[in-house]
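For reference, the structure is listed below as structure tokens.
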Amino acid sequence: MPPDTTTQPELGPDQALLAREKRKLIRDITGAAGDIHREVNMLTIEHLTKHYKGSEKGITDLSLHIRPGDIFAFIGHNGAGKTTTLKCIAGILGFDTGTIRVGGRDILEDSMGCKQMLAYIPDNPDVYEYLTGIQYLNFIADIFRVPADLRRERIGKYGDAFEITPSLGDLVSTYSHGMKQKLAIISALVHRPRLLLLDEPFVGLDPKASVILKDIMRSFCGDGGAIFFSTHVLDVAERLCNKVAIIKDGTLVTSGDMEKVLGEGESLESIFMEVTGQRDCISREIL
Amino acid sequence: MGVLTQIRLLAKLELCNMFGLNVLRFSRDGKAKKRAGGMLAVVAVLSVLLVFYTGGLSYGLVWMGLAAAIPAYLTAVASLLIFFFGLLKAGSAIYRRDGFEILCSLPLSQAAVIWGRFVRMYVENLLVTLAVLLPGLGVYAWAVRPGLPFYLAALMAIWAVPLLPMAGAALVGALVTGISSRMRHKSLAVSVLSVAAVLAILYGVSRLSAMDGSVEPDMLRKLSDSIFRGLEKVYPPAVWLGMALVRGDWARSLGCAMLSLAVFSLVAAGISCSFHRIVRHLYGSLARHDYEMGDLKEGSVLGALCGREFKRYFASSVYVTNTIIGPVMGCILSGALLFVDLDSVTGQLPLPVKVCSLAPFVLAGVMCMMPTTSASVSMEGKYWWIVKSLPLSAKSVLDAKLLMNLFLILPFYLLAEVLLLLALKPGGLELLWLLLVPAVLILFSCVYGLAVNLRFPVMDWESEVSVVKQSVSALLGGMGVFLLSFLCAAALLIVPEGYTDIFRAALCGALLLAAALLYARVIKISFLNVT
């Protein structure tokens, strides 16, 4: 559990300055000016349960807390419930019980407010193929009411970084999987969300784009944003993230600070195999 | 593996989910099962209606002493149905993209891929043929009591009835797709050419089958000859087959079937030869890679959503062709009234009613044959996640879909109204009803289409054809307002003369109220429930 930050202890002058800065950061993150939410978590998931009708698959009693500045890796085997969790947070799927709060706002009660603060990129970025890349980005910018000069600046910046700007005038149907992924990433960044939800963001990206994305992720969280992403690339998760959660068959098996989860000299891969009980199975099969 | 085995396997693949049967059998998702069941139920209801209609029609012909005309007449009806509905979807069914790349990578012959797709079209059309012909032939057999040769001849020929119209539709569809595949705006070109082909063929048929209009005293006796003469001009094979059945000439019947099979095989072989070339042009798109960042314009949320709706609409030739044909036909029918003698038309109507009174209902019925809204939610398909994850209210998304439909139909409505005003020259309240009734019915059809689509959404489709032509919402959305217009027109006929204006005012009020209530209900929907 994250520490409780709602209490206000006695502070010295430096600490008071820091606290003011922190409050300003929280205000920026949680939206409406002057409306400082008591909750510091950028994303709070409590006792989330979601099961598909007629199927054993789903999520059971999942609780997670993601704070501003966190790069949170969400790992698990295929069908463990990672995508379902991300879709529930993004407001794409409903759920049976539990609560999801983005910047202190409940996704069921104030879904518009939550969606204003987040951006979601699915594992298979199906982007409108009948639009050109720039038309799609403009569409997203219109929905989030991004001023013209800002959208031009951001699209130019990220488009050049991902080397996709010359292709923005072409129909998305002509794009490769990696180009669609890059377009989806730019569309997620064009409106400056506070929370990024990424489902397997590195799949399909070329090595250079992967490096750029990792830099963008670090910079995004350095500016007070939070990222919650699923991945199967455990090396990347280990090096990039400060928090990790491992899910197995819809149930959280471990979560927390990366350093604490890893312990002394262990790799994320070995921890993953251990907590999901797969190391023994594989060993037995091989032997 | 032989080509026949390949065709058998591909045909099995095509047929296993016809009418959503595979979903019904294996899906564990209750909603998906319910949707597939609903689709099957609608198909069953339509089939029963068709059976009753053709049965009743045949009984009517028997009653008029025209039993001998039944086989030829119904063969022509089935063939024309298959031809016209096939025209609008043949190109997209044959050249559809889903699974194409996987099939290309497998060791399968090109002919097997084409024939696999044709088998599915054939099975669908054979069901239509059976629904039309069997009840009619049953009534004929009951009335005439023909011998064994009739049944033998019927058995030899019925299976081949769909082949010729299918060949015709496939040929036109392939030509339209082939020509437009070389154009820059392919979807738009396919839409324009398809609509033009349908209109040209309709015009040709109407010219060929036109009778002189004179009413003769011994009309009933001559009607049989007249039917045969008309059919012979429009579709001679129906008369050949009809005669063979009536005479119990099984050899001639088999000859007709073989001829149909030969023509169909020839067309299929021709399409097979050009398949890859057309597909390459159709789906090979050119990327320029020359974009330079310029100034970007801000727009409103509703404007962005409407723009997206229009781009989605014009990107799908199947969607455009099937939804634009009604408004185009509405304009053509309105324009046709400029060239006919209205007094003569009124005189020939079997009921004491003016053309001017019926015109608004006919115009609305034709124009609302398929509102775009009845498929617009389903057309989101795999992109639905975008709308669901964006901070958009259901109201703004659905408003854009409604506005797109209304903006699309508006120029056709205005043109049709101008033509009707010139042709009918109505005065006073008739003028008001001529303008108001179609407008209200069109508005209602758009909201109703949206409500039906939200009730029966299909988001996990593979081909646009399954949404636009084969979904429950498309069927209900299209037929609903068409039937409503028909019923309103029928109600007008039984309203006493002094009360027709009150009736039409009440009707407009009731439809506006219904549209408002339906709209208030649909915009409250949660997209979480639309899956």
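Note: hydrogens, waters and symmetry copies are ignored here, and every other heavy atom, side chains too, is used. Order of the sequence lines fixes the chain letters, A, B, ..., with proteins taken first and strands second; residue numbering starts at 1 for each chain.
The two residues B:S376 and B:E309 come nearest to each other via the heavy atoms CB-OE1, 4.5 Å.
Side chains of B:R308 and A:Y128: a donor on one and an acceptor on the other come within 3.5 Å. No donor-acceptor contact under 3.5 angstrom links the side chains of A:T49 and A:D61, judged on distance only.
Proximity to chain B (any heavy atom under 4.5 Å) is restricted, for A:L93, to the backbone atoms N, CA, C and O. Proximity to chain B is absent for every atom of A:Y175, based on heavy atoms less than 4.5 angstrom apart. The contact between A:I134 and chain B is made entirely by side chain atoms (from C-beta outward), counting heavy-atom distances below 4.5 Å. Heavy-atom distances place the side chain of A:I140, and not its backbone, under 4.5 Å from chain B. Contacts of B:L302 with chain A are absent, with no heavy-atom separation under 4.5 Å from either backbone or side chain. Within the 4.5 angstrom heavy-atom criterion, no atom of B:N529 approaches chain A. Contacts between A:T165 and chain B at a heavy-atom distance below 4.5 Å involve backbone atoms as well as side-chain atoms.
Annotation: cation-pi geometry not satisfied between B:K311 and B:Y313 (NZ/CZ under 6.0 angstrom from ring centroid, within 45° of ring axis).
For CZ of A:R145, the number of neighbouring non-hydrogen atoms (other residues, nucleotides, ligands) closer than 6.0 Å is 12 at most. Other residues, nucleotides and ligands contribute only 12 or fewer heavy atoms inside 6.0 Å of the NZ atom of A:K87.
Ring geometry, B:F310 versus B:F314: the interplanar angle falls under 30°, so the pair is classed parallel (tilted spans 30 to 60°).
Annotation: residues 377-384 of chain B contacts chain A through B:E380, B:K382, B:Y383 [non-hydrogen atoms, separation under 4.5 Å].
Per-residue heavy-atom pair counts under 4.5 Å with chain B were compared for A:D126, A:N124, A:N138, and the maximum is reached by A:D126. Contact count against chain B (heavy-atom pairs under 4.5 Å) is highest for A:P122 among A:P122, A:S111, A:S187, A:G113. Contact count against chain B (heavy-atom pairs under 4.5 Å) is highest for A:P166 among A:A184, A:G169, A:P166. In terms of heavy-atom pairs under 4.5 Å with chain B, the best-connected choice from A:V127, A:I155, A:I92 is A:I92. The residue among A:A141, A:G133, A:P147 with the most heavy atom pairs within less than 4.5 Å of chain B is A:P147.
The side-chain heavy atoms of A:L62 and A:H47, taken from C-beta on, include no pair separated by under 4.5 Å. Side-chain atoms of A:D149 and A:E153, non-hydrogen and from C-beta on, never get closer than 4.5 Å to each other.
Between A:F74 and A:F229, the ring centre distance reaches or exceeds 6.0 Å.
Partners of A:E163 according to the salt bridge (Lys or Arg N to Asp or Glu O under 4.0 Å) rule, which considers only residues two or more places apart in sequence or in another chain, are A:K208.
No donor-acceptor distance shorter than 3.5 angstrom exists from the side chain of A:T174 to the backbone of A:D170, with no hydrogens or angles considered.
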